[in-house]
Protein chains: 2
Amino acid sequence: MPDSLPSGRPNKRDRLISAARDAIHCHGYAATSLATIAEAADVPLGNVYYYFKTKEDLVRAVIEDHEALINATLETAAAGPTPLGRLHNFVAELRKQSEVVVEHGCPLGCLGQDLDKAGPGLENESRRLFAAQLLWFETQFREAGKGEESKALAIHMLACIQGASALCERLSSAEVLTNELDLLDGWLHQLA
Amino acid sequence: MPDSLPSGRPNKRDRLISAARDAIHCHGYAATSLATIAEAADVPLGNVYYYFKTKEDLVRAVIEDHEALINATLETAAAGPTPLGRLHNFVAELRKQSEVVVEHGCPLGCLGQDLDKAGPGLENESRRLFAAQLLWFETQFREAGKGEESKALAIHMLACIQGASALCERLSSAEVLTNELDLLDGWLHQLA
DNA sequence: GTCTATAGTTTGATAGAC
DNA sequence: GTCTATCAAACTATAGAC
């Protein structure tokens, strides 16, 4: 019988993914052991391998989880009348994460670097973390009439977000992130 | 008798630091073993501990090496008549590193994240990697008459560089980096 | 200063009882 | 599906001969 549904806590598979996501965000992929993840998820170590054949398989599920989370955020931000307004909405969503970012960095950005450094099985997965964001940004810019420039604008916007998040963590200053997001809002305003 | 000076290759200590710097840049701190570093430096594993008491000590020496390298780059860029011209010079130096960045990311940025994720002994060392750069940027902006705004401008410039480098590696596109550096040059020009 | 051998621990992964 | 016990490999670090 399945272990989830109306009952108290999520099933073991989801608990493992969630625990892996958090541990990898805090300590990095290479430094996070399956034992740590299993303990945090309250699942016996040997049982992990029933749900995920390898550590690589588990992090692949974590990537999918991140993709679902960012897609949900994009859907939230999509509730706005104008394309530039929707981009402002997304920036507003980022502001809510500043406490997490100052502590452990951007979840997507950190995992992206980890994947680029990881072995040959994972090194091409990092672009997936940013694909949805980039496409959504580009779509908004295109709808705002930016034409062929839209893709470059999307990349620039994501680069600013990633750089601001990295520096925010490195300097342990949430103000760094909020200041840079202010600049981003100003930049968007100027594009109108 | 010392193992360096006019002879062929650097002494063992410097070889270890250089090998550690490269391996950590390629594969990350946590995933890089002392055995790998020792082999690349052509030093027996047991001998590493004569020069560095722990792996942490070795990465601390790598940090100092990075600080020396970035200081040398800043000195090169400092050869210019105007402060904004010197900032343009620095951007020009960054352009020369685009092949390395697209392959393994910004050496300072990657190590910075690794240090933030590492244990309590290293997590406060990452800001040292950026301190010299930030101070030098701020000095140039101040000399350009930007006053109290100078520090914020320095942080913004470094954030743009770091975000561009990260996305350049993530998307395996050197063009991402060069495009963003073009924007940075344009931004500096506009500040004049 | 240099190097071999190895201790002691942790890791990813498996076997097999229930 | 679940869990204990454990393997084989890799790791940081040390001991001790030279």
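In what follows, every heavy atom counts, from backbone to side chain, and hydrogens, waters and symmetry copies are set aside. Sequence lines set the chain letters: A, B, ... in the order given, protein chains first and strands last, and positions in each chain run from 1. Owing to the predicted nature of the structure, the values given are computational and were not obtained by experimental measurement.
Between A:Lys55 atom NZ and D:dA10 atom C1' the separation is 13 Å, expressed in whole Å. Atom CG of A:Leu34 and atom P of C:dT11 are 9 Å apart (whole Å). Atom CG in B:Asn47 sits roughly 16 Å away from atom P in D:dA15 (whole-Å rounding). Rounded to an integer number of Å, the gap from A:Leu45 CG to C:dT10 P is 14 Å.
A salt bridge links A:Glu125 with A:Arg128: at least one charged nitrogen is closer than 4.0 Å to a carboxylate oxygen. Salt-bridge annotation for B:Arg142 and B:Glu148: present, with a side-chain N of the basic residue lying under 4.0 Å from a carboxylate O of the acidic one.
Dashed line: the shortest gap from a side-chain N or O of B:Tyr50 to OP1 or OP2 of C:dG1 is under 4.0 Å. Residue A:Ser33 has no polar side-chain atom (N or O) positioned under 4.0 Å from OP1 or OP2 of C:dT10. For B:Tyr49 and D:dT14, the shortest distance from a side-chain N or O to OP1 or OP2 is not below 4.0 Å.
Contact between A:Leu129 and A:Leu115 at its shortest, heavy atoms only, is CD1-CD1, 3.9 Å.
A:Lys117 forms no cation-pi arrangement with A:Tyr29, by the criterion of a distance under 6.0 Å to the ring centre and an angle within 45° of the ring axis.
At the heavy-atom level, B:Thr36 lies nowhere under 4.0 Å from the strands shown.
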